Protein chains: 2
Amino acid sequence: MKALESHAKNMLKAAGLYCTRARLCVIMALLRENRPITQEQITQALDAPFDRVTIYRTLDSLGKADLVHRVFLEERACHYELSHHCSKTQCHPHFTCTQCGQTHCLTDLKLPLAHHHGYVIQRQQVRLAGLCPQCR
Amino acid sequence: MKALESHAKNMLKAAGLYCTRARLCVIMALLRENRPITQEQITQALDAPFDRVTIYRTLDSLGKADLVHRVFLEERACHYELSHHCSKTQCHPHFTCTQCGQTHCLTDLKLPLAHHHGYVIQRQQVRLAGLCPQCR
DNA sequence: TATAATACGCAATAATGTTGCATTTGTTCT
DNA sequence: AGAACAAATGCAACATTATTGCGTATTATA
Ligand SMILES: [Mn+2]
Ligand SMILES: [Mn+2]
Ligand SMILES: [Zn+2]
Ligand SMILES: [Zn+2]
């Protein structure tokens with residue numbers, strides 16, 4: 001059994017979720033891509049064909065188990081990625097290049113958590129836009 | 001003529017845009033609300049009835065003139081707000097309460113602009129989630 | 001292997017946003 | 001004020017993304 005597959009199985013086991021074909025395939029696709037992608041991109045990246053609805057429901061169950069979360073970019077469709085590079089309070093920043101359009105996960109960039117009087121801040125998400133190393 | 005209306009007219013004049021009923025109404029609605037709202041909320045907040053498409057096209061033209069910009073929250077629909085509380089490089093942070101669901105503009109909270117080697121960062125947007133003063 | 005809980009596929013529907021085109025409105029110039 | 005032109009508007013149709021209902025198939029467990 002490939003390393004990716006056993007990784008995916010372990011994630012599902014640890015989360016107490018049924019270990020189904022669809023969940024394994026989606027997790028493996030997200031592991032391979034390692035960036036936020038849409039339902040459509042996930043569907044295309046899968047080895048086996050699955051119904052759109054199944055992908056959405058899979059993402060939903062993985063989301064409730066905190067294995068996956070949504071990323072909101074300047075595009076119509078939601079993007080999804082694995083949560084394993086994020087802390088509970090802070091997802092890593094996402095950078096989108098205004099030139100080439102690519103989005104990069106800046107997993108090594110740690111920004112200080114904001115404070116504001118009277119507010120309890122539980123989570124912080126940062127979106128950056130500009131020029132990527134290739135395009136500047 | 002009311003202060004809101006002349007404010008709206010000045011914004012359109014300064015931007016070199018036609019001063020139309022729809023644009024005036026939309027800007028005045030956004031001035032009154034003073035928080036990010038959806039096309040549907042804008043339409044409901046208007047005195048006169050306008051077609052959905054007109055609202056979208058109005059937001060588009062105001063957006064191109066940098067009078068308005070989109071705000072992405074954890075909801076399906078895009079939200080829109082006036083840009084007058086934002087600098088070119090950084091929009092003020094938006095806080096959404098996980099309890100009551102309300103979104104607040106933290107216009108007085110200034111976060112340092114991120115730096116990352118090799119990247120030219122032109123714009124930064126921050127979304128915060130947690131408990132608002134009423135709900136904590 | 002039997003059972004119950006859960007996930008899946010398919011069809012239908014909802015929500016949000018966009019496009020084409022004929023008509024109306026706003027601006028500018030006389 | 002009136003004419004001429006550019007731009008905005010309304011309406012119908014369409015596109016994209018996500019959700020719901022329900023019957024069937026798969027999974028975990030004993
Ligand atoms: Mn990421
Ligand atoms: Mn705001
Ligand atoms: Zn680039
Ligand atoms: Zn609250």
Side-chain angles (χ1 to χ4, degrees), chain A residues 1 5 8-29 36-65 67-81, chain B residues 1 5-6 8-29 36-65 67-81 101:
Chain A
M1 185 166 57
E5 190 170 343
K9 275 193 184 167
N10 290 340
M11 290 171 73
L12 289 171
K13 269 285 176 57
L17 292 177
Y18 273 24
C19 188
T20 69
R21 260 187 335 133
R23 287 181 183 154
L24 283 173
C25 288
V26 167
I27 292 178
M28 288 190 293
I37 54 178
T38 64
Q39 166 270 312
E40 182 158 28
Q41 292 172 313
I42 292 169
T43 301
Q44 288 167 354
L46 295 179
D47 319 314
F50 285 95
D51 193 85
R52 256 161 16 94
V53 177
T54 298
I55 305 301
Y56 279 119
R57 288 201 264 235
T58 297
L59 291 168
D60 191 54
S61 57
L62 297 178
K64 281 179 177 142
L67 294 177
V68 160
H69 60 261
R70 290 185 181 197
V71 176
F72 296 84
L73 304 177
E74 289 260 354
E75 284 174 60
R76 192 76 183 290
C78 284
H79 290 60
Y80 302 84
E81 67 177 357
Chain B
M1 185 167 58
E5 189 170 342
S6 80
K9 274 192 184 168
N10 289 340
M11 290 171 72
L12 289 172
K13 268 284 175 57
L17 291 178
Y18 272 25
C19 188
T20 69
R21 263 187 332 136
R23 287 179 183 156
L24 283 173
C25 289
V26 167
I27 292 178
M28 288 191 293
I37 54 179
T38 64
Q39 166 269 314
E40 181 157 28
Q41 292 172 312
I42 292 169
T43 301
Q44 288 167 353
L46 296 179
D47 320 313
F50 285 95
D51 193 86
R52 252 161 20 92
V53 177
T54 299
I55 305 302
Y56 279 120
R57 288 202 263 234
T58 296
L59 291 168
D60 191 54
S61 58
L62 297 178
K64 281 179 177 142
L67 295 177
V68 160
H69 60 261
R70 290 186 181 196
V71 176
F72 297 84
L73 304 177
E74 288 261 355
E75 284 174 60
R76 193 70 185 291
C78 282
H79 289 61
Y80 302 84
E81 67 176 357

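As a basis for the values below, the full set of heavy atoms in this structure was taken, side chains included, without hydrogen atoms, waters or symmetry mates. The model shown is predicted, which means the values in this text are computed figures rather than measured ones.
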_Distance, rounded to the nearest Å, where A/Leu24 contributes CG and C/dA7 contributes C1'_ = 13 Å
*Counting just side-chain N and O atoms, does A/Tyr56 come under 4.0 Å of either OP1 or OP2 of D/dA18?*
yes
*Consider the side chain of B/Arg57, meaning its heavy atoms from C-beta on, and name the nucleotide among D/dC11, C/dG17, D/dA18 that approaches it most closely.*
D/dC11
*asked:* Does B/Thr58 reach a base, just sugar-phosphate, or nothing at all? Heavy atoms under 4.0 Å.
replied: sugar-phosphate
*Judged by atom type as modelled, is there a donor-acceptor pair below 3.5 Å linking the side chain of A/Asp60 to the main-chain atoms of A/Tyr56?*
no
*Report the distance from atom CG of A/Leu12 to atom P of D/dT26, rounded to the nearest whole Å.*
18 Å
*Which atom of A/Phe50 lies closest to which atom of A/Ile55, heavy atoms considered*: CB-CD1, 3.8 Å
Are there any protein N/O atoms within less than 3.5 Å of an N/O atom in nucleotides 28-30 of chain D, and if so, which ones and at what distance?
from: D/dA28; atom 1: OP1; to: A/Cys19; atom 2: N; distance (Å): 3.1

*B/Phe50 CZ to C/dT23 P, straight-line distance once rounded to whole Å*: 21 Å
*Which atom pair, heavy atoms only, marks the closest approach of A/Tyr80 to A/Val68?*
CB-CG1, 4.2 Å
*Roughly how many Å is it from CD1 in B/Ile55 to P in C/dT18, rounded to a whole number?*
14 Å
*Please confirm whether any donor atom in the side chain of B/Arg21 sits under 3.5 Å from an acceptor in the base of D/dT9, or the reverse.*
no
*Would you kindly give the CG-to-C1' distance between A/Asp51 and D/dA18, to the nearest whole Å?*
12 Å
*Where do B/Cys25 and B/Leu46 come nearest, in terms of heavy atoms and distance?*
O-CD2, 3.4 Å
_If I compare all heavy atoms of A/Leu17 with all of A/Ser61, which pair ends up nearest, and what's the gap?_
CD1-O, 4.1 Å
*asked:* So, under a plain 3.5 Å distance rule, would you say the side chain of A/Arg76 forms a donor-acceptor pair with the base of D/dT16?
replied: yes
*Looking only at side-chain atoms of B/Arg52, point me to the closest of C/dC8, D/dA13, C/dG9.*
D/dA13
_At 4.0 Å (heavy atoms only), tell me whether A/Arg23 reaches a base, stays on the sugar-phosphate, or touches nothing._
sugar-phosphate
*Could you please name the option among D/dT16, D/dG10, D/dA18 that lies closest to any side-chain atom of A/Ala77?*
D/dA18
*By nearest nucleotide on DNA chain D, pick out whichever of A/Thr38 and B/Val53 is the more 5' one.*
B/Val53
*In whole angstroms, how far is the P atom of C/dT16 from the CD atom of B/Gln39?*
8 Å
_Side chains of B/Arg70 and B/His79 in contact at under 4.5 Å (non-hydrogen atoms)_ = no
*asked:* To check you understand the geometry: which heavy-atom pair defines the closest contact between A/Val53 and A/Asp51, and what is its length?
replied: N-OD2, 2.9 Å
*Could you state the atom-to-atom distance from CD of B/Glu40 to P of C/dG17 in whole Å?*
10 Å
*Could you state the CG-P distance from A/Leu73 to D/dT16, rounded to the nearest angstrom?*
19 Å
